[in-house]
Structures are given as C-alpha cells and as structure tokens.
Amino acid sequence: MTQWSGPTLIAVFAGFGLAFVLVVPYVAVSYRKRGELGLLRAIAAPAFLVYCFALVTYTLLPLPNVDAAYCAAHESLRHPVWNPLQFLEDMKQFNTGLLDNPALRQVLFNVAFFVPWGVFLRRLFGRSIGFAIVSGFFVSLAIETTQLTGVWFLMECPYRLFDTGDLLSNTVGAGVGALLAPVLRRSGRLRPADEPRPVLARRRLLGMVLDLISVTLVGVVLSMIALVVQYVMKGTLQNNTLIDDVLGRWVPTAVLLLLVPLAGNGATPGQRAVMLTVVRADGRPPSVLQSIVRFLIGSGGYFILVGLDSGWTSLWLLAHLVFMIFTRGHRGLTGLVCRLSVVDTRAAIREPVAPPG
C-alpha cells in the first residue's frame, strides 16, 4: 500500500458510507427545492463527501509514531515556512527537468487538490467565486494549523510542516476550480420546482432503493439500541433472533412500508422523497385493504422472503422490476393487481387521475 492509498480508501469508504446515511433526506430536499435530483447532483453529492473526507485523511494520515525521539529528530517541523514562494528556492536543489522537479510537482498537487473545492462550492452549492476562494483559504488554513499544532496538541509535536506556500497554492486551486465551474453548467431549460415531472422508470426505481435504504438504516439503529440495552442490563452481547429479525427487519418494514402509507397519502418514504404518490382511479388514496395487499405483494413480501431465506427472492425482485418498467405509467405489479396508479405528487394535486387501463 502506497503513502496515499490508505487515506484514499478511508476517504472513499467514509464518504460513501455517509452518503448512504444521508441519501434519503438529500433526495427529498433536492426534489422539493429543484423539482428533481438530476444526474450531475446524484454524482456530485457523494463525490463531495468523499472529497471532504480526503481533505481530512490527507491532512492526518499516515500517522507516525510521535514520541520524544521522533520530536527530537524532527525539530524543524516546529518552525513554519513563512515565505509563500519558498518553493522557488527549493526547486533549485533538484537537478531535474521542470516537470520532474519534486518541489514544483508538490505545488501543482496542492493546486489540483483544491480545484474540486471551487467546483463543488460553485456548482453544487451555488456560491460565488469570491466565497469559493475565501472558504478555500480558510479550509487550507485549518489544515495547516492542524499540522502546526500536532493535531491540535493531541500529539507531542507537529509531524507535518506549516507552509504558507501550501496555503497559497491551495487558495489558488480553489480559485481555479471556481473559474472552471461554469464549464459543468447543465444545458437545457430549468423547470420550476413545482412543475410536475413524468413518472419514469428510473424515478420509480430510485424510490424503491430509498425504501430499502430507509428500512436498513432504521433496522440498524433499532438493533444498536437493543444491543446497548442488552449490554447495560446483562453486561454481555449475544446473538439474538429478536434483535436481528424483529427489530432489524420486521419492525422497520411494517412501520415504514405499511403504517406510514396507511397514515399518509399511500406513499412509502422512498416515494415521498421523489415526490410520488399512489392513488385510485378517482384520485383518492388507496383503501386499507389495497394498502395491505400492496404491501404483501410488494416490498413487504420481499422482506418476508428475505427473512425466510427463500430462494424465490431474486425471482420476486426480477418480476417487480419487469412489471415496473413495462406497465403503463410504471405502476408495477402492485399497481396492476390493486388497480392503483403512481403519479407525481404535484400532478395529483392539480388534476384528476385517469382510470388505470
């Protein structure tokens, strides 16, 4: 493993892990603020989280064994480099070609490392060029200060060098990214957020995936709470079917995919996030019987099969995927059986729903 592969892997796993936790509220906010998610944002949001973790891991890792002997051998790290153009002098120490000069390559790396900061601030958050540059400066200053103080005095001494040249090159990189950001501007007409969008197969699939993530996260939280209670009461942790199956799977499935639709407009959390709802031919929410049958045939049935370790689970998923893609309005197998339609929430408010054919 190279010097950078470890921090990179940590950043990737941590970034995507946090994205998994935040994806449902992020999609919900995106649909309500912009009317849709969009491919660019779907890629940029987790990429930004990975990038932020990379800033942290590249600042802190790899961790050396910082003890008295290390501090004595690296006394020079206690003295910051105050000349931001010191790299020009450092370049003269290497008898290499310009592009092969280690000092110059380090500066170029620092510039490139903060280019994404400017791009993300401009395109993902809609900030100005000035804000992207200033924020890039302060983020870089926080990094350099962390290095100067030995991770805010957690270490006996600094193990990285505070260099104003890095501060300058990072800030330049943020500025370059901010200036390049308009290249990524999406083409096409921007539609009002309250304008209904078509019910496409990919949107339906996204809602299903969000439901799966919601059930998984709630199950994990309930299981962790139960394990903590078990440990406090018994002083030990044991495998428990009640925790794994009931709290980890059955309770979140029943609450999120059956009780929430029954108590609301018939939509699951994933469907609500992407602004979809389920209605009868007259535009009303599903009846209690329709909701129960829909649950048993659809997502509830899937989790039941998973809990039973049934070999039919994959076939179940495939059947629902095929029906979701090829039925009219992408209402899926549950809609076909229960005579329900899946519509955009904004369209359902404005106009009646045509009877399903």
Set of residues satisfying ring pair (Phe, Tyr, Trp, His ring centres under 6.0 Å) with respect to His79, sequence neighbours excluded:
none
Val50 side chain reached by Phe53 side chain, heavy atoms, under 4.5 Å:
no
Shortest non-hydrogen separation from Val107 to Ser169 and the atoms involved:
O-CB, 4.0 Å
In terms of side-chain heavy atoms, does Trp117 have a donor or acceptor partner in Ser135 at a distance below 3.5 Å?
yes
Expected output: side-chain Ser140 to main-chain Gly136 donor-acceptor under 3.5 Å:
no
Listed once per pair and sorted, the salt bridge (Lys or Arg N to Asp or Glu O under 4.0 Å) pairs that draw on residues 68-79, sequence neighbours left out
Glu75-Arg78
Determine whether the aromatic ring centres of Phe125 and Phe131 lie less than 6.0 Å apart.
no
Between Arg294 (side chain only) and Gly266 (backbone N and O only), is there a donor and an acceptor less than 3.5 Å apart?
yes
Under 3.5 Å donor-acceptor, Gln271 side chain and Thr268 backbone
yes
Min side-chain heavy-atom separation Tyr70-Asn65 under 4.5 Å
no
Start with the C-alpha distance between Asn265 and Arg272, add both sets of side-chain angles, then the distance that settles side-chain contact (heavy atoms from CB on, under 4.5 Å), and finish with yes or no.
CA-CA 9 Å; Asn265 61 357; Arg272 292 182 182 219; 3.7 Å; yes
dist Leu317:CG -> Leu212:CG (nearest 0.5 Å) comes out at 9.0 Å
Apply the test side chain to side chain donor-acceptor pair (under 3.5 Å) to residues Asp211 and Ser299: give CA-CA distance (whole Å), side-chain angles for both, the deciding distance (0.1 Å), then the verdict.
CA-CA 8 Å; Asp211 280 333; Ser299 51; 5.7 Å; no
Counting only heavy atoms not in Phe20, do more than 12 sit closer than 6.0 Å to its CZ atom?
yes
Is there a donor-acceptor contact under 3.5 Å from the side chain of Ser287 to the main chain of Gln290?
yes
Which residues share a ring pair (Phe, Tyr, Trp, His ring centres under 6.0 Å) with Tyr159, sequence neighbours left out:
none
Strictly distance-based, threshold 3.5 Å: is any side-chain N or O of Arg160 a donor or acceptor partner for the main-chain N or O of Thr59?
yes
Which value, rounded to the nearest 0.5 Å, describes the distance between Ile292 atom CD1 and Ile297 atom CD1?
12.0 Å
Arg32 (side chain) donor-acceptor with Ser30 (main chain) under 3.5 angstrom
no
Is it true that atom CZ of Phe323 has more than 12 heavy atoms of other residues, nucleotides or ligands lying nearer than 6.0 Å?
no
Relative to each other, are the rings of Phe48 and Tyr51 parallel, tilted or perpendicular (30° and 60° limits)?
tilted
Please work out which of the three classes, parallel, tilted or perpendicular, describes the rings of His320 and Trp316, given edges at 30° and 60°.
tilted
Looking at CZ of Phe162 and CG of Leu77, how far apart are the two atoms once the value is rounded to the nearest 0.5 Å?
13.5 Å
Asp90 side chain to Ala103 backbone, donor-acceptor under 3.5 Å
no
Among side-chain atoms of Thr8 and Tyr58, is any donor-acceptor pair under 3.5 angstrom?
yes
Please check this pair: side chain of Arg127 against backbone of Phe120, looking for a donor-acceptor N/O pair closer than 3.5 Å.
no
Can you check side-chain contact (heavy atoms from CB on, under 4.5 Å) on Leu210 and Val27, steps first, answer last?
CA-CA 9 Å; Leu210 295 180; Val27 171; 3.8 Å; yes
Are the side chains of Phe137 and Asn170 in touch, meaning some heavy atoms are under 4.5 Å apart?
no
The reported gap from CD in Glu36 to CD in Glu195 (rounded to nearest 0.5 angstrom) is 9.5 Å
Evaluate side-chain contact (heavy atoms from CB on, under 4.5 Å) for Arg41 paired with Arg34, printing each intermediate quantity in order.
CA-CA 11 Å; Arg41 287 187 171 275; Arg34 287 170 288 274; 3.2 Å; yes
Could you state the interatomic distance from OG (Ser314) to OH (Tyr302), rounded to the nearest 0.5 Å?
8.5 Å
Under 4.5 Å between any side-chain heavy atoms of Phe114 and Ile143, yes or no?
yes
Begin with the C-alpha distance, continue with both residues' side-chain angles, and end with the deciding distance and a verdict on side-chain contact (heavy atoms from CB on, under 4.5 Å) for Leu227 and Val229.
CA-CA 5 Å; Leu227 288 172; Val229 172; over 6 Å; no
Please check if the side chain of Asn101 supplies one atom and the backbone of Met91 the other of a donor-acceptor pair under 3.5 Å.
yes
Determine the minimum heavy-atom distance between Arg122 and Ala181, stating which atoms define it.
CB-CB, 3.4 Å
Mind listing the closest non-hydrogen atom pair of Leu168 and Pro84 along with its distance?
CD2-CB, 4.1 Å
Donor-acceptor contact present, side-chain Arg280 to main-chain Leu340, <3.5 Å:
no
Can you tell me if CZ on Phe13 sees more than 12 non-hydrogen neighbours from other groups inside 6.0 Å?
no
Check whether any side-chain heavy atom of Leu63 sits under 4.5 Å from a side-chain heavy atom of Met155, and report yes or no.
yes
Separation of Leu262 CG from Leu257 CG (nearest 0.5 Å)
11.0 Å
